[in-house]
Amino acid sequence: AVSVTRAPCLRGAVPARARRCRPRAIAEVPQPSQARQAMPPDRTTQSAKAVVGTMRPYGGADLESYGRAVFRGAVAAEYLQRYGVSPKVMSSPEWTGDEDLANNIASAMRDWAIDLGATSYAHWFQPMGAGGVRHGQAACVQTSMLSFAPDGTASWEFDADDLLTGETDGSSYPNGGMRATHTAGGYLAVDPISPPFVLGDVMFIPAAFIAYTGQALDEKTPLHRSCEALSREGSRLLSLMGVTATGLVANIGLEQEIFLVPRDAYYTRPDLQFVGRTLLGKAPARGQEMSDHYMAPLTSSTAALQCMQAIQEECFKLGIPLKTRHREVAPNQYEFAPLYGDCRVQTDQNLLVMQIIEETAAKCGLAALLHEKPFAGVNGSGKHDNWSFATNEGLQLLNPKQVLKMTGNEDLFPVVMAAVVRGVDMYGDLMRLAIASPGNDFRLGAMEAPPAVMSTYLGESLTEYLEKYAAGEEVGGYAPAKAELPFGVKSLHPMQIPAEDRNRTSPFPYGGNRFEFRAAGSSQNVSMINTVLNTMTAEGMKVIADRVEAGEEPRAVAQELLKKHMKCVFNGDGYDPTWPDKAVEQGIWRIDTGVDAIAELTSDKNIELFESMGVLSAEECEARKQVMLEHYTGLVEMEVLCLKDMILQHVLPACNASNSCDKETSERLASAANMLVEKALELEEAPDVQTAAKLAHALRFGSMEHVRTLCDETENSVKNELWTLATYKELLFLDSHTHLLKEMPTSDSEMSGTPYGTP
């Protein structure tokens with residue numbers, strides 16, 4: 001079957017007269033049933049199918065198209081000025097309180113969206129409990145901008161009422177008991193910080209989601225509250241230290257790791273389709289032992305490069321600055337990284353990036369896996385959260401050189417660091433909670449991600465400086481040293497490098513001008529992570545500011561805090577097997593399981609933190625704990641039932657059809673399937689969510705692992721032609737198991753013929 005679609009033009013590769021695109025036939029991606037029937041002996045040789053032909057062979061958006069699909073900056077100015085609105089008003093959220101101004105802005109947005117081909121709009125919000133299960137981790141209702149008149153005519157209509165607010169059913173999303181069917185009111189308000197964007201024929205309007213009671217039902221609202229707390233307390237502290245600031249902004253940059261696998265092989269794996277990770281699978285003869293995949297050139301002979309190019313191009317249209325792309329450590333593992341920006345905008349953009357990755361991969365004959373640990377035996381995926389904060393005037397408060405130059409205040413940087421270090425020491429449990437996605441338990445401490453010990457790395461130079469500062473020595477302002485690195489040959493000029501090495505084993509290292517939360521999971525919405533970082537730092541600044549207002553010197557307060565809390569600084573090897581136990585002895589937070597970390601959300605000190613900073617109420621903390629525990633248990637229950645089905649529908653039939661598989665193995669497999677059904681029932685019958693989550697964790701790392709071992713032993717003994725599930729060999733090695741045409745099309749006439757990927 002074929003469908004007719006419009007292929008994009010090839011920029012730079014064809015004469016100008018040939019650049020008009022014409023409809024062409026593009027083969028559809030095989031459906032699961034088709035894929036199973038058509039699987040060749042080596043089931044991945046044809047995975048880079050004709051759909052890759054819809055991508056430009058060299059990708060790359062032109063300068064004119066960058067950011068055209070997002071309403072901000074020069075793009076917004078062009079339309080706002082038509083209605084007499086200064087583009088400057090968009091830099092402040094105050095326009096949402098002026099109905100006339102909002103009407104004019106809505107008209108400008110409508111014109112812009114229609115020019116881009118949009119016919120509908122939607123408030124785009126982020127329900128809780130969406131990671132790993134909800135496509136895009138967002139929700140919306142798409143409403144037509146057409147107004148229908150009684151005489152049968154239609155016109156475009158979109159005004160302030162449509163833009164500013166919306167309403168939906170709050171009880172149908174995970175809500176931790178804050179909503180019910182008889183108390184279901186949920187309301188949406190435009191987020192004026194994060195700009196609208198057009199994707200397809202819809203203008204999406206980022207929005208916050210709250211209950212009729214005013215309680216936050218989403219991930220975004222607490223993040224906004226934490227940003228305001230950081231801005232309020234930070235600017236107050238700066239004022240007391242003689243630095244004028246109209247406010248603070250928290251910035252992040254997110255490194256997104258993914259796996260790309262052949263889509264026809266993906267269609268044979270119910271586990272990848274339903275839960276995002278392989279629940280069984282024998283290790284191949286080759287893995288990541290040679291470190292040969294990391295940073296290797298992206299080859300044009302498979303669909304991966306075209307896919308990454310297309311992802312970048314789509315993101316560029318949306319003004320998402322995906323700056324880098326490269327291979328990661330594990331086979332078929334890749335990474336994108338953007339420039340940094342406001343944490344609220346960057347969080348929205350990262351959700352979009354993940355959605356675009358999944359959708360674009362499908363068009364390229366691939367499947368994108370965002371799970372933290374889709375394959376056993378090789379590295380999993382993370383999402384490093386590079387976090388910093390600055391004044392609205394541009395003073396980067398974690399940049400010691402800039403702080404000293406712009407303020408001349410030698411105490412400001414160590415005072416700020418005291419607030420951060422205090423937060424890590426006191427609220428390491430919340431930091432661990434913030435990264436407790438269901439998949440992250442497979443990564444933390446596994447020599448691929450930092451351990452579940454919440455320490456921070458500052459480097460020897462900064463640590464020594466802060467220790468001397470705390471001891472009262474006259475150390476002046478901190479000036480990070482530089483070192484000269486020679487290459488040992490005259491033809492290569494020596495280079496200047498930081499005096500501190502990098503420590504990839506720390507969960508929260510200071511990297512010069514920023515902290516990098518390396519322990520974040522790849523599938524996560526990072527709102528909770530940055531809510532925690534912002535809130536704990538805001539409280540630290542408030543503590544210092546309160547004491548300064550009471551008459552103490554900022555230096556004296558910072559010295560006391562550093563002496564008390566520097567125990568959370570660890571500059572050594574976090575992968576040292578003796579470190580976790582030593583960390584506990586030093587009083588550093590260590591919580592090995594995500595389930596135990598989630599339970600800490602409602603401890604007295606954590607509720608006090610969130611309530612005092614105006615970020616979360618006690619009821620909202622309890623609701624979030626419930627949602628996170630239910631989310632964990634629900635995913636494990638799906639894993640259990642999926643593994644049971646795979647045994648009965650694939651592993652056991654293959655075993656019975658094989659001469660090398662004995663009766664005892666068949667009986668053990670059947671018994672394992674029955675046991676999994678019983679375990680799933682235990683989860684459903686647990687008396688409360690906390691108990692259910694603990695049972696789920698024990699099941700995941702106990703019985704399910706034993707069943708996996710049995711299945712993998714069976715796979716090892718069964719002939720390849722009898723095994724109906726794509727193997728690790730077929731899933732993990734695109735470079736050696738898939739290919740495109742030897743010569744790529746360079747003109748429209750060639751594009752209308754045989755598309756890429758056909759053997």
Side-chain angles (χ1 to χ4, degrees), residues 27-52 54-55 132-136 257-284 302-308 310-311 328 330-334 354-378 380-381 439 522-523 635 638-639 642-643 645-646 649-651 654 711 715 720 723-740 756-757:
E28 291 181 343
V29 178
Q31 295 303 306
S33 59
Q34 297 171 331
R36 265 196 297 274
Q37 295 167 6
M39 287 290 275
D42 185 355
R43 286 169 287 214
T44 56
T45 56
Q46 300 183 60
S47 67
K49 284 291 183 184
V51 286
V52 182
T54 65
M55 300 297 145
V133 291
R134 176 184 285 270
H135 178 56
E257 295 177 345
I258 60 169
F259 280 81
L260 294 173
V261 301
R263 197 162 190 87
D264 52 3
Y266 167 83
Y267 279 142
T268 73
R269 297 289 309 214
D271 46 4
L272 289 180
Q273 290 175 283
F274 290 156
V275 297
R277 74 178 184 98
T278 53
L279 302 174
L280 54 86
K282 180 181 72 70
T302 70
L305 175 58
Q306 281 85 356
C307 180
M308 298 187 80
I311 290 166
E328 257 298 333
N332 285 9
Q333 189 182 33
Y334 303 88
M354 290 193 286
Q355 178 177 331
I356 289 168
I357 285 172
E358 288 189 312
E359 292 175 356
T360 305
K363 297 174 184 176
C364 294
L366 302 171
L369 308 179
L370 299 171
H371 194 282
E372 286 78 6
K373 193 72 171 180
F375 300 101
V378 297
S381 296
S522 54
S523 70
L635 278 173
M638 287 191 289
E639 289 178 352
C642 185
L643 181 55
D645 287 345
M646 292 174 75
Q649 297 169 13
H650 296 274
V651 181
C711 292
E715 179 187 347
N720 186 58
W723 195 255
T724 55
L725 300 167
T727 65
Y728 270 34
K729 169 178 170 288
E730 294 161 346
L731 287 164
L732 279 173
F733 299 96
L734 279 173
D735 290 351
S736 56
H737 288 79
T738 63
H739 65 89
L740 303 176
Y756 308 166

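Just the heavy atoms: all of them, side chains too, but no hydrogens, waters or symmetry mates, feed the values below. If you're wondering where the values come from, they're calculated on a predicted model, not measured in any experiment. Residues: numbered from 1 along the sequence shown.
- Atom OG1 of Thr727 sits about 11.5 Å away from atom CG of Leu280, to the nearest 0.5 Å.
- Contact check for Met308 versus Ile258: no side-chain heavy atoms found under the 4.5 Å cut-off.
- With rounding to the nearest 0.5 Å, the separation of CZ in Arg269 from CZ in Phe274 is 13.0 Å.
- The shortest side-chain heavy-atom distance between Tyr266 and Leu260 does not fall under the 4.5 Å cut-off.
- No side-chain heavy atom of Glu715 sits less than 4.5 Å from a side-chain heavy atom of Val651.
- Counting heavy atoms from C-beta outward, Ile311 and Glu359 have side chains that stay 4.5 Å or more apart.
- Asn332 places a side-chain N or O within donor-acceptor distance of the main-chain N or O of Leu734, the cut-off being under 3.5 Å.
- In summary, Glu639 and Arg277 engage in a salt bridge, as defined by a charged side-chain N under 4.0 Å from a carboxylate O.
- Rounding to the nearest 0.5 Å places CG of Leu643 at 5.5 Å from SG of Cys711.
- Side-chain contact check for Leu731 versus Leu272: some heavy-atom pair is nearer than 4.5 Å.
- When all heavy atoms are compared, the tightest approach of Glu730 to Pro262 is O-CG, 3.7 Å.
- When all heavy atoms of Leu370 and Ser522 are compared, the pair lying nearest together is O-OG, 2.6 Å.
- A side-chain hydrogen bond (donor to acceptor under 3.5 Å, both in side chains) with His650 is found for exactly one of Thr268, Asp645, Thr724, namely Thr724.
- When side chains are defined from C-beta on, Phe733 counts as touching Pro284, because their heavy atoms get closer than 4.5 Å.
- Remark: side-chain polar atoms of Lys373 are paired, donor with acceptor, to backbone N or O of Val378 under 3.5 angstrom.
- Heavy-atom minimum distance, Tyr728 versus Ala376: OH-N, 3.0 Å.
- A donor and an acceptor atom, one from each side chain of Ser381 and Gln333, are located under 3.5 Å apart.
- Considering only residues two or more places apart in sequence or on other chains, Glu358 meets the side chain to side chain donor-acceptor pair (under 3.5 Å) condition with His135.
- At a threshold of 4.5 Å between non-hydrogen side-chain atoms, the residues Glu257 and Tyr334 do not count as touching.
- Taking every heavy atom of both residues into account, Cys307 and Ala361 meet most closely at SG-CA, 3.6 Å.
- In this structure, CG on Asp735 lies 5.5 Å from OG1 on Thr302, to the nearest 0.5 angstrom.
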Candidate pair Ser523 and Glu372, rule side-chain hydrogen bond (donor to acceptor under 3.5 Å, both in side chains), full reasoning: CA-CA 7 Å; Ser523 70; Glu372 286 78 6; 2.8 Å; yes
